[in-house]
Amino acid sequence: MTVFRLVLILLFMGQAGSALAERLVTDLSERQIAITSNFRGTTLLIFGAVQEGSVFEGGLADNDIVIVVRGPAHDLVVRKKERVAGIWVNKDAVTFADVPGYYAVASNRPLSRIAEPDLLDRIGIGLDHLSFKVEKSDVPEDMIPAFREAIIRQQKNALLFLSTERGVTLLAQTLFRANLMFPANVPVGDYRVEVYLLKDGRIVSAQSSPLSINKTGIERGLYTLAHEASYLYGILAVGLAVLTGWVAGLVFRAR
Amino acid sequence: MQIYLPIAELSMNVFLVLGMGAIVGFLSGMFGVGGGFLITPLLIFVNIPPAIAVATGATLIVGSSVSGVLAHWRRGTVDVKMGTVLLLGGIAGTGAGVWLFQILQGIGQVDLMIYILYVVFLGSVGVLMLYESVKAILRRRAGRPVRRPSRHGLAHKLPLQLRFRRSRLYVSIIPPLLIGFGVGALAGAMGIGGGFIMVPAMIYLIGMPTSVVVGTSLFQIIFVSASASMLHAVNTQAVDVVLALMLLAGAVVGAQFGARMGGRMQGEQLRAALGLVVLAVGVGLLVELVARPGDLYEITVLGS
């Protein structure tokens, strides 16, 4: 998937020369976001510069910067509720493959003015241009878009899908920065931060950097224990509950 | 102050969690039930995923029942023999409940099942308790003696009879086994200890004296909910130990106030109040089931 996307990016970068990667210098304020017990979401600063030589081929057109952050992908089932005998019941289901658990896009001006929909569709830039592969479906083809939109709507409400059309600040056509928000319920895993430099509706440079969001300390330990030593975890949980109840019973008797 | 819940994978306000624990503890101290019927809907209401609400609820009940049973143990109002019989049925029932839960989780109907079970049980138990207690209150007002439930039910006619000294009964073990099984299945599927069903069943179906019912019910609920917790921990990995312990911290404090408040009220008034709470939760859930949902689509993550 990622390799496929990189090939696409290279194809769309057009005839620009071989030193493309050097045109864009980017960095993140953090490469690793640690989820600790008081984690309540965070913001990530993405910044960089467009290097001198890249104002090329006449230099008339302005630079556009688009930043895309994609979270770890999972398969999702979307079920539609229908009224059966007065009760709302889950009926038709559509399974989508590899839907990112987090997706944010930021640009210096509206995406529709930066590039043609065709290009945005192919690389998956913008919430309207994300396509998810349908793995299994109970409904006819023409009803699938409604299920796809449900994912985007609900993820947007949960602040897990974000789109900020003026989220990138571009200074003097060379320096850029953007703040992206990660809510407290952000999924853990490996993320990719993609930065695109566009000119005249074409991608002239692109950079991709990894970002990892993970639990640390006791949170990580508990999660790992629950999934990898679930018997031990169960005994621990029940044991702690019994102990707490027992101690409380003794403490309050003393009064 | 927020705290991150490692299994639920979201962060919650500490005081909200402690407060919910305290409310549940207050009711359980007052009425002698585990409080599971309340905590699972409360957790779902504050956006904890249903599977985690159910599994974590079971773990909470382990702790709150241990704390409750200690007081009854000291008063000698725990019938261990009857508790063990109920338990044998209960363990088998829990397995069936967790199994059912997993099947429904697979076909995406687990929320619906939890809702329907809740509405049916909370609604019927609430109505029955209200009816019975209001009648008793009216009878007391009219100056007539309060009639005790019949001591010659089905349990006296079936085979396999045993003597239960604490309960002053000589009855068949078949009804307690079945009741234990049914309550265990509910515990596994709904994340409740089943106290609010077990208590009326022991009084009206087995004919146990009210004084030993609550302690005995709590005694067996410890084991049923402990095994439900274990089964959930192993099969669904949905027990959030941080959430459970924080709820428990609130619950044990709330329980003390509840017990004091309960001590000042008459039995019928207590039963009427519990009936009202149970019924209110049931009606609230029914409304959610029938009302048009805000979003018709529901998303479940399958894993990578």
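Numbered from 1 within each chain, the chains take letters A, B, ... in sequence-line order.
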**Proximity breakdown for A:Lys215 and chain B, heavy-atom pairs closer than 4.5 Å** = side chain
**Message:** Are the side chains of A:Arg83 and B:Val290 in contact, using a 4.5 Å heavy-atom criterion?
**Reply:** yes
**Prompt:** Side chain, backbone, both or neither: which part of A:Val188 has an atom under 4.5 Å from a heavy atom of chain B?
**Reply:** side chain
**Item:** Which atoms of B:Asn235 approach chain A - backbone, side chain, both or neither, heavy atom under 4.5 Å
**Value:** neither
**Asked** Out of curiosity, A:Ser230 OG to B:Met230 CE, how far, rounded to the nearest 0.5 Å?
**Response** 8.0 Å
**Request:** Measure the CZ-CE distance between A:Arg40 and B:Met1 for me, rounded to the nearest 0.5 Å.
**Result:** 10.5 Å
**Fill in**
What one should report as the nearest heavy-atom pair of A:Ala226 and B:Gln237 is O-CG, 3.0 Å
**Complete:** Between A:Ala237 and B:Val239 the two heavy atoms that sit nearest each other are CB-CG1, 4.1 Å
**Asked** Is it the side chain or the backbone of B:Val14 that comes within 4.5 Å of chain A heavy atoms, both, or neither?
**Response** neither
**Message:** Counting only non-hydrogen atoms closer than 4.5 Å, does B:Ala238 touch chain A with its backbone (N, CA, C, O), its side chain (CB onward), both, or neither?
**Reply:** neither
**Request:** Count the heavy-atom pairs under 4.5 Å between each of B:Ala244, B:Ser11, B:Gly63, B:Ala251 and chain A, then report the option with the highest count.
**Result:** B:Gly63
**Item:** Trace of the side-chain contact (heavy atoms from CB on, under 4.5 Å) decision for B:Tyr4 with A:Thr36
**Value:** CA-CA 7 Å; B:Tyr4 186 81; A:Thr36 51; over 6 Å; no
**Fill in**
Most heavy-atom pairs under 4.5 Å with chain A, out of B:Val234, B:Val252, B:Leu10, belong to B:Val234
**Message:** For B:Ile299 versus A:Ala150, what's the shortest heavy-atom pair and its separation?
**Reply:** CD1-O, 4.0 Å
**Exceeds 12 heavy-atom contacts within 6.0 angstrom, atom CD1 of A:Ile218** = no
**Message:** Using heavy-atom distances under 4.5 Å, tell me whether A:Ile235 contacts chain B through its side chain, its backbone, both, or neither.
**Reply:** both
**Message:** Need one label for B:Leu289: side chain, backbone, both or neither, based on atoms under 4.5 Å from any heavy atom in chain A.
**Reply:** both
**Request:** Please check if atom CZ in A:Arg153 has more than 12 non-hydrogen atoms from other residues, nucleotides or ligands closer than 6.0 Å.
**Result:** yes
**Residue pair B:Val66 / A:Gly245: nearest heavy atoms and the distance that separates them** = CG1-C, 3.9 Å
**Item:** Note, A:Glu149 side chain near B:Tyr297 side chain (heavy atom, < 4.5 Å)
**Value:** no
**Request:** Select one option (side chain, backbone, both, neither) describing which atoms of B:Leu248 are under 4.5 Å from chain A's heavy atoms.
**Result:** side chain
**Asked** Considering residues, nucleotides and ligands other than A:Arg148, do more than 12 of their heavy atoms fall under 6.0 Å from its CZ?
**Response** yes
**Prompt:** chain B: which of A:Val242, A:Thr95, A:Leu222, A:Val77 shares the most heavy-atom pairs with it under 4.5 Å?
**Reply:** A:Val77
**Request:** With the side chain counted from C-beta on, respond yes when B:Gln2 and A:Asn38 share a heavy-atom pair under 4.5 Å apart, and no when they do not.
**Result:** no
**Request:** Measure the CD-CD1 distance between A:Glu219 and B:Ile7 for me, rounded to the nearest 0.5 Å.
**Result:** 10.0 Å
**NZ/A:Lys81: more than 12 non-hydrogen atoms of other groups inside 6.0 Å** = yes
**Request:** Go through the atoms of B:Ala226 and report whether side chain, backbone, both or neither lie under 4.5 Å from a heavy atom of chain A.
**Result:** both
**Asked** So which heavy atom on A:Gly234 is nearest to which on B:Ala233, and how close?
**Response** CA-CB, 3.6 Å
**Portion of A:Ala146 that has a non-hydrogen atom of chain B nearer than 4.5 angstrom** = both
**Item:** Among the listed options B:Val253, B:Leu245, B:Val69, B:Val242, the residue most often paired with chain A at heavy-atom distances under 4.5 Å
**Value:** B:Leu245
**Message:** Using only atom types and a distance under 3.5 Å, with no angle test, would you say the side chain of A:Tyr223 pairs donor to acceptor with the backbone of B:Glu9?
**Reply:** no
**Region of A:Phe147 that comes under 4.5 Å of a non-hydrogen atom in chain B** = both
